[in-house]
Amino acid sequence: MSNHQSVSHQSVSHQTGGPLVSKGQIKVVHIYPREMSIYGDLGNTRALASRLRWHGYEPLVHQHHPGNDFPADAHLVLGGGGQDSGQARVENDLARNSEVLRVLAADGAPMLMICGMYQLFGNAFITIEGERLPGIGILDVTTQGNARRMIGPVVLETVYGDVVGYENHSGSTELGAGQRPFGRVRSGMGNNGTDRTEGAVTGNVFGSYLHGPVLPANPAFADALIKLAVERALGEPFVPGQIDDVFANQARTRQVRRLAG
Amino acid sequence: MAVAAGKMARVASRMRGGGSAMPGLVVEKLDPRFLSHALADLAGGVVVVTGTNGKTTTTKMLVAILREHGLTVFTNPTGSNFTRGVISAMLSELSLSGRLKADLAVLELDEAHALKFAAEVRPTHSLLLNVARDQLDRFAEIDHTARLLGELAAQTTTGVVLNLNDSFVSRIAGRVPDGVLVTYFGVDPSIADRLPELQEADVRFEDDFTPPEPTDADGLLKPHDERSFEVRFGAADQVGPMVLNQRGLAAMINATAATSTARALLGSEFRNATAVAALERVQPPFGRGEIINADGQPLELVLVKNPAGFTVALSTYGNTPVTTMVAINDDYADGRDVSWLYDVSFESLQGRGVALTSGVRAYDMALRLQYDDVAVAQVEPDLEAALERFLATYKNEPKRIFCTYTAMMALRRNLAGRYGLPNFGEEARL
Ligand SMILES: [Zn+2]
């Protein structure tokens, strides 16, 4: 497996001068970065790797490509959105690895799935023509293909405070009975444009339509994922470093003020 | 009737300083067949230039080559590259019968509007430049953009010029109707390793498509160094060497596309030396690497609108680092989604950092740079205040501004007032 990238410490010095001794290694797995990482979703991986370093941990970023063995020792799993052609290229590999992912999810591994991967983590996607394409069923959601695209900036109310991002999807997603959403829509369309829910959360698995990408401008949510990953990897409490989030907080609060008043 | 009403609207909108597409809207409402009527008599045909990146520069180069050959060319120079913008540009040049007096028309149209235009007027020729992600609100996927270009090619009646190296574009050859001539532009195999500078790889997959072997009718870019290059048609025929006023590999490939298209249009009338003379005189379009004299120091204005374009701009300017400002707006014409900034690597700016970020999304840009370990000295969302501070603080050194479309328009207007530069729309008459 040649996809490991150990991210060095050298460029963090301007941040906090935090300890150069790593507090521990965290394995971040980005699934299908070539096929399913459109609209800057790669930025989520970059944000987590950088924040792990700034907190004093050592991120090991692993890219999982179709056909390779899935790293079952992942501490955090990320996936993004893609074009139809990208989605078609990953379906077999996802089906092949669905059991590993279900076991990881049930075991509490944090995961963040955006847009196309969010849909594939659901029960099914039903095309405009009525064809039912099964998902891997980790999230109890069903998506209906739609002629109308839902596009635009979004503000959510979540347990991590206001979360901002940008949605661009034609699928309309309904939550199953008892399925918790990720947030409540303050501005934008969300899962389906009608019930004001956005995304879905089961255990530590998060699905959302928010590109933007979502993590850089919403550090409270990013750090919540990091905390889960650190506790899973090291079996000890997350010890945060000091991070200068002025730009992130300004970027977010300005969008909130613009869109949700 | 429609022509007179449109001309009135044009005067009225000029007086209010209104948008350039408004009079076109008036005419389109009055006479939907206006376009096909006006363009019906052009003996040299109607050429459509489209693709994601380089439309404005390539159109300007192609028009310059054709004019240098003595042709009267109608083009849409105002940067409002929609059907209505084309009509607006026409109004000043029409006879009252509504016919355009020119040898041919060369029109820059974005991918979706090129198809709408073709539904009214079938182009005789089309030049298809490339496919990348842009304006995500309108074109959801690049697969979709490639389909639009394929449909345009299928509507073209005489000749199609395709990008040999962009498989999304060269593959379109299969959609060109029988009897329509296909030619290509591309890069010489000796610099094929530099293609990634011109394309984004992350949404492209290896596929089994093999590009066609270039023939003597196809123009290939062969650079001599960073500034000087020639366009080769087979082993014996070279256009150049020449040096452009605009820097970088992207400008050279645009010149190659323009040269190849001019040669396809002019046939035996095409003169190599005439093409070189025209290309060497072309000034960069406003905001596309334009250099402004700001208090005796050069200020470069560089339009960036998608990941491929920003990546090309950073590599083009990367070997001459200067004090830099980045201005990002998110109006409709900029693309409302700024996610694409995360598909660009800014590490080449680490050495000097960025002096200022500005625009509506100034803090998002600063945040993006923070994640690439690029230091940002100041953030000022207000464009005028930012420009004022940038010019004053770094008065005695060369400067560069990377900006999205509406930010560029606002900055250019301000700079025009400050330094007595021509305004948009006046460029065509220079
Ligand atoms: Zn999406």
Side-chain angles (χ1 to χ4, degrees), chain A residues 10-15 33-51 53-54 80-86 89 114 149 151-153 164-170 210-217 219 243-255 258, chain B residues 131 133 135-147 168 200-207 306-307 310 328 330-332 335-347 350 353-354 357 359-376 378-381:
Chain A
Q10 63 195 14
S11 50
V12 302
S13 51
H14 77 273
Q15 268 297 327
R34 283 201 297 254
E35 294 81 3
M36 301 295 288
S37 180
I38 202 169
Y39 308 150
D41 293 337
L42 210 62
N44 289 329
T45 308
R46 193 188 291 265
L48 285 175
S50 293
R51 295 189 75 82
R53 275 189 282 120
W54 295 341
Q83 312 193 69
D84 294 346
S85 57
R89 280 163 204 267
I114 303 297
R149 281 194 92 83
I151 303 182
V164 298
Y166 195 93
E167 63 185 331
N168 188 341
H169 55 109
S170 55
L210 265 57
H211 303 286
V214 67
L215 292 183
I243 298 182
D244 179 355
D245 280 325
V246 168
F247 291 160
N249 293 337
Q250 281 283 351
R252 186 182 63 262
T253 53
R254 279 167 185 264
Q255 280 297 86
R258 251 175 120 190
Chain B
V131 177
R133 282 173 295 159
Q135 310 278 5
L136 300 175
D137 304 1
R138 260 180 297 155
F139 313 120
E141 303 187 338
I142 73 168
D143 293 344
H144 174 66
T145 309
R147 271 196 298 278
F168 279 82
E200 50 177 347
D202 59 331
V203 291
R204 291 161 184 267
F205 310 104
E206 323 80 68
D207 53 37
N306 52 45
F310 211 151
I328 305 291
D330 66 354
D331 289 341
Y332 180 75
R336 296 188 63 206
D337 183 10
V338 296
S339 301
W340 64 276
L341 294 171
Y342 283 83
D343 288 324
V344 180
S345 168
F346 293 94
E347 278 155 17
Q350 277 170 354
V354 165
T357 63
V360 176
R361 304 303 289 269
Y363 281 99
D364 295 84
M365 188 64 227
L367 176 62
R368 173 68 196 91
L369 291 167
Q370 181 182 0
Y371 275 111
D372 265 0
D373 291 317
V374 177
V376 177
Q378 293 185 68
V379 184
E380 172 50 71

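In what follows, chains are A, B, ... by sequence order, proteins preceding strands, each numbered from 1. Quick caveat, the model's predicted, so the values are computed rather than measured.
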As an exercise, state the distance from CG of A:Leu215 to OH of B:Tyr342, rounded to the nearest 0.5 Å. 10.0 Å

Rounded distance [0.5 Å steps], CD1 in A:Ile243 versus CD in B:Gln370: 8.5 Å

Rounded to the nearest 0.5 Å, what's the gap from CG on B:Asp372 to CZ on A:Arg46? Could you check? 4.5 Å

Go through the atoms of A:Arg258 and report whether side chain, backbone, both or neither lie under 4.5 Å from a heavy atom of chain B. side chain

Closest approach of B:Ser339 and A:Pro213, non-hydrogen atoms and distance? OG-N, 4.1 Å

Rounded to the nearest 0.5 Å, the CZ atom of A:Arg254 sits from the OH atom of B:Tyr363 at a distance of 5.0 Å

B:Val376 side chain reached by A:Phe247 side chain, heavy atoms, under 4.5 Å: yes

I'd like to know which of A:Gly165, A:Pro216, A:Ala248 tops the heavy-atom pair count under 4.5 Å against chain B. A:Pro216

